[in-house]
Amino acid sequence: MNNTVNKIALVTLIFCTGVQAAPLKKEKPKMTPALEHYTQDLVLGDLWQRPGLSPRDRSIVTLSVLVAKNQNHDLPFYLNRALDSGLKPGEIAELITHLAFYSDWANATAADAAARAVFAERKIDMAQLPPAKPPPLPLDEKKEAARAKGVDENFGKTAPGVVKYTTDALFRDLWLRPGLAPRDRSLVTVSALVANGQVAQVTYHLNRAMDNGLTEAQASEALTQLAFYAGWPNVFSAMPVFKDVFAQRKE
Amino acid sequence: MNNTVNKIALVTLIFCTGVQAAPLKKEKPKMTPALEHYTQDLVLGDLWQRPGLSPRDRSIVTLSVLVAKNQNHDLPFYLNRALDSGLKPGEIAELITHLAFYSDWANATAADAAARAVFAERKIDMAQLPPAKPPPLPLDEKKEAARAKGVDENFGKTAPGVVKYTTDALFRDLWLRPGLAPRDRSLVTVSALVANGQVAQVTYHLNRAMDNGLTEAQASEALTQLAFYAGWPNVFSAMPVFKDVFAQRKE
Amino acid sequence: MNNTVNKIALVTLIFCTGVQAAPLKKEKPKMTPALEHYTQDLVLGDLWQRPGLSPRDRSIVTLSVLVAKNQNHDLPFYLNRALDSGLKPGEIAELITHLAFYSDWANATAADAAARAVFAERKIDMAQLPPAKPPPLPLDEKKEAARAKGVDENFGKTAPGVVKYTTDALFRDLWLRPGLAPRDRSLVTVSALVANGQVAQVTYHLNRAMDNGLTEAQASEALTQLAFYAGWPNVFSAMPVFKDVFAQRKE
């Protein structure tokens, strides 16, 4: 009986927390045949091997989608993959914190728990994570003043609280945390926007991403990664906006 | 061994059901440092203390988002917070039932299970919850006839089933249940619409909310609460609609 | 103690995996009274009994929504209902694989796990599921060439990777898998689009669905099913598009 209880408890722990060895390994079919085939041959065996985007960047895109869509069942596998691809634990902690604002608080809270479980399993010391309040990156005061002025003119009377936190918590705090490069924060943001179908916000953030160093080729290949992880419909709705931004930046 | 099994089972129960004491308490860091800092100092320590919206209203907004986004991991904490802020068990049951229609059936079913677990833990008697079929609030027949006529003209031939249930199940039944005030039902509805990015439906329901007694200042501050719990992008897509509704009602 | 541990483990297993007998049975109230009433009398007792759409089609719509919205808690009940309504295990496996592309990979992966658990419980042999690479259905080369040309002209330079996989993996592979009829694949696709609020993609896929044999009456009644499972706001945003498609096809 003890043994049975033990097994039930362990199986449950694995099923619920997802804290387990990579669930997509090749050993034996873990899915129904069609999905297993596409996962192994098309996604892991083909998409992830494409040269247009590094495995580290593909991990940033994929983790951002999983957090933005609250898909905790797949987080342990892709958190491990991200760490194996060169994304640092501190960058993952910053990615999740960034999405507390750009996806939402509850998704980030759940992802944070999943990340801590993976960190513990890999004996990653929490002390190496970025501190609560690190010295900020330098701010481009002129650019930020222009952004703040535009938002305040638009929405200062509609939602003064939103406008205040947008300045104080986002652009004068979160974006200046040094634990994740601005270019990577932008890739996180754009990936989450596409995953959540928030096309109206893509123009601003894709431009910001490219100002922060994301190349057109990388943005294009991020769409390919997103087709699988955010789904075809979201990508087909985002492509016209990417197309417009690419064109406008060449004018 | 027994002890280990016991611990695994309990840890699993806590991880999976979230039925546990408030996970966001101050005692020791439960998250990675950055997210812990923002959660304690910015969200719980600042946002929730703002005078523009009562803790009870903030709980309505937050619970509505969590149900609408199927974020069950955080429901126990915020259900307890809602009860501590003056929201009654019966109002919570009605909020969840309302979202069966305005978010979807499966999310409400899952939230209902989470609510019953919290009610049981707090020894709340199920008998004090609103009955299945209470005597309805009075109906404004003229206003409802106008609404029904508009929808029927628009969609009566496209989806007669939808039109029928919209009248029979929503406006002549659900909205008349006395267990949650119409103003609160509207706040639930608008919060869920913003959380799900359903901007196209906000104009009608924000107007209805303000007709039902939600003030412009409360609606504005609800956007601030939503920035954190529904995420910045959803709020930036909703703000232009709120701005238009506020302006139109002043003409 | 053993007994307590055993109970905790089992309760947890049930709560987390949802692997349990139908949670919506009539025996005793499993929900708070209002939601229980609407679930039993309005949804299961009325909506599902309407003649405009078969229980098998309602199951296709409902499962598609649950997968597209990552609502795994309700999957076991509706997977069993689908099997009881005549949907074959292989069709369910194909439905889930289809949604790997039309919702996203992580949702499909989680749903696949839920389906395998239900299949195992019902002693369904995995060997009867469609193989990884079945002989494909015949392709309408002319129609497909026109589709590919349009997409390539539009987005070939924006995201060549997306365009490539759209042709190779979707229209020359996935859609030709014989395990699920094209008409059913279209019903899956349209249901997922409505559930995820992806209105911009509905026009193409609803036309394709009707080309594949979905009647206007069935599409209309699918909206009624979707009102409950994808929620009223998503259906109210989709109805104008359905209305336009219905009208255009009569011109």
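Treat the numbers as computed from the prediction; the structure is a model and nothing was measured. The chains referred to below are lettered A, B, ... by the order of the sequence lines, with proteins before strands, and numbering in each begins at 1.
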Applying salt bridge (Lys or Arg N to Asp or Glu O under 4.0 Å), run through A/R116 and A/D112 and close with a yes or a no. CA-CA 6 Å; A/R116 280 180 290 116; A/D112 190 85; 2.8 Å; yes
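- In terms of the side-chain contact (heavy atoms from CB on, under 4.5 Å) criterion, residue partners of C/S85 (sequence neighbours excluded) are, by chain and number, C/P55, C/S59, C/R81.
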In a table with atom names and distances, give each donor-acceptor pair under 3.5 Å that connects a side chain of residues 196-204 of chain A to protein atoms at least two apart or in another chain.
{"unit_1": "A/Q198", "atom_1": "NE2", "unit_2": "B/N234", "atom_2": "OD1", "d": "3.0"}
{"unit_1": "A/Q201", "atom_1": "NE2", "unit_2": "B/S237", "atom_2": "OG", "d": "2.8"}
{"unit_1": "A/Y204", "atom_1": "OH", "unit_2": "A/R208", "atom_2": "NH1", "d": "3.4"}

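- Here the shortest heavy-atom pairing between C/A106 and A/H73 reads O-NE2, 3.1 Å.
- Closest heavy-atom contact between C/Q128 and C/P89: NE2-CG, 3.8 Å.
- Residue C/K164 qualifies as enclosed at atom NZ: its count of foreign heavy atoms under 6.0 Å is above 12.
- For a residue to count as touching a neighbouring chain, one of its non-hydrogen atoms must lie under 4.5 Å from one of that chain's; by this rule C/V151 touches chain A with the side chain only.
- Across all their heavy atoms, A/L223 and A/A238 have their closest contact at CD2-CB, 4.4 Å.
- Of all residues spanning residues 154-162 of chain C, those with a heavy atom less than 4.5 Å away from chain A's heavy atoms are C/N154, C/F155, C/T158, C/A159, C/P160, C/G161, C/V162, arranged by number.
- With a 4.5 Å cut-off on non-hydrogen atoms, A/L66 touches chain C through its side chain but not through its backbone.
- At a heavy-atom separation below 4.5 angstrom, chain A is approached by no residue within residues 180-191 of chain C.
- Closest approach of C/D104 to A/G231, counting heavy atoms only: CB-N, 3.9 Å.
- Taking each heavy atom of C/R177 and A/A34 in turn, the nearest pair found is NH2-CB, 3.1 Å.
- The pair A/D84-A/R122 meets the salt-bridge criterion, with a side-chain N (NZ, NE, NH1 or NH2) lying under 4.0 Å from an Asp/Glu carboxylate O.
- Of the listed residues (C/L99, C/L129, C/N107), the greatest number of heavy-atom pairs within a distance under 4.5 Å of chain A belongs to C/N107.
- The aromatic rings of A/W232 and A/F228 lie perpendicular to each other, with more than 60° between the two planes, well past the 30° mark.
- Heavy atoms of A/F242 lying under 4.5 Å from chain C belong to its backbone as well as its side chain.
- Heavy atoms closer than 4.5 Å to chain C are found in the backbone of A/A230, but not in its side chain.
- With a threshold of 4.5 angstrom between heavy atoms, C/D168 does not approach chain A through any atom at all.
- Only the side chain of C/L170 has a heavy atom closer than 4.5 Å to any heavy atom of chain A.
- In summary, the side chains of A/Q225 and A/D57 do not present any donor paired with an acceptor at a separation below 3.5 Å, with no hydrogens or angles considered.
- Neither the backbone nor the side chain of A/L226 comes within contact range of chain C; no heavy atom of the residue lies under 4.5 Å from a heavy atom of that chain.
- Using cut-offs of 30° and 60° for the angle between ring planes, the A/F101 and A/W105 rings count as perpendicular.
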